[in-house]
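Structure record follows, encoded as structure tokens.
Position 1 is the first residue of the sequence; numbering continues from there.
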Amino acid sequence: MINPPKHQEEYADRPLDCQEAMEPGFQAIIDCMLEVGWTRGETLRALKRLIAADNMTQKENARTETQLAIARAMMRAGRSV
């Protein structure tokens with residue numbers, strides 16, 4: 001089970017609490033990868049690449065949503081896109 005934040009709003013230790021909540025799952029991923037033959041270094045590099053790819057996806061999604069919002073606003077205003 002993953003522990004939820006102690007409060008829904010921001011608080012000083014929220015990032016640390018999030019890290020602590022992820023720790024067991026993170027260790028489970030590492031252990032599983034080692035058990036099937038991947039090295040710790042390979043696993044950590046792969047996790048870093050996955051995080052970078054997710055960040056890029058989130059940025060692209062935000063950019064697309066912004067472009068769609070602008071296009072919708074222009075259409076409502078009767079302007080061509």
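Side-chain atoms of Glu23 and Gln19 include no donor-acceptor pair closer than 3.5 Å.
With rounding to the nearest 0.5 Å, the separation of NZ in Lys59 from CG in Asn55 is 6.0 Å. Separation of atoms OG1 (Thr43) and CD1 (Ile29) is listed at 9.5 Å; rounding is to 0.5 Å. To the nearest 0.5 Å, atom NZ of residue Lys6 and atom CD of residue Gln8 are 14.0 Å apart. Residue Glu20 holds its CD atom at 9.0 Å from CG of Asn3, rounded to the nearest 0.5 Å. The CG atom of Asp17 sits 3.5 Å away from atom OH of Tyr11, with the distance rounded to the nearest 0.5 Å. Remark: Arg63 CZ to Leu68 CG distance equals 13.0 Å, nearest 0.5 Å.
Surrounding CD1 of Ile2 are at most 12 heavy atoms belonging to other residues, nucleotides or ligands under 6.0 Å away.
Within the 3.5 Å criterion, the main-chain N or O of Gln67 finds no donor-acceptor partner in the side chain of Arg72.
His7 and Arg14 make their closest contact through O-NH1, 2.7 Å (heavy atoms, listed as atom of the first residue, atom of the second, distance).
Contact of the Ile30 side chain with the Leu44 side chain is registered, since non-hydrogen atoms from C-beta on lie closer than 4.5 Å. Looking at heavy atoms from C-beta onward, Trp38 lies out of side-chain contact with Cys32 at the 4.5 angstrom threshold.
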Salt bridge (Lys or Arg N to Asp or Glu O under 4.0 Å) between Arg45 and Glu42, intermediate numbers included: CA-CA 5 Å; Arg45 284 188 295 278; Glu42 289 169 325; 5.4 Å; no
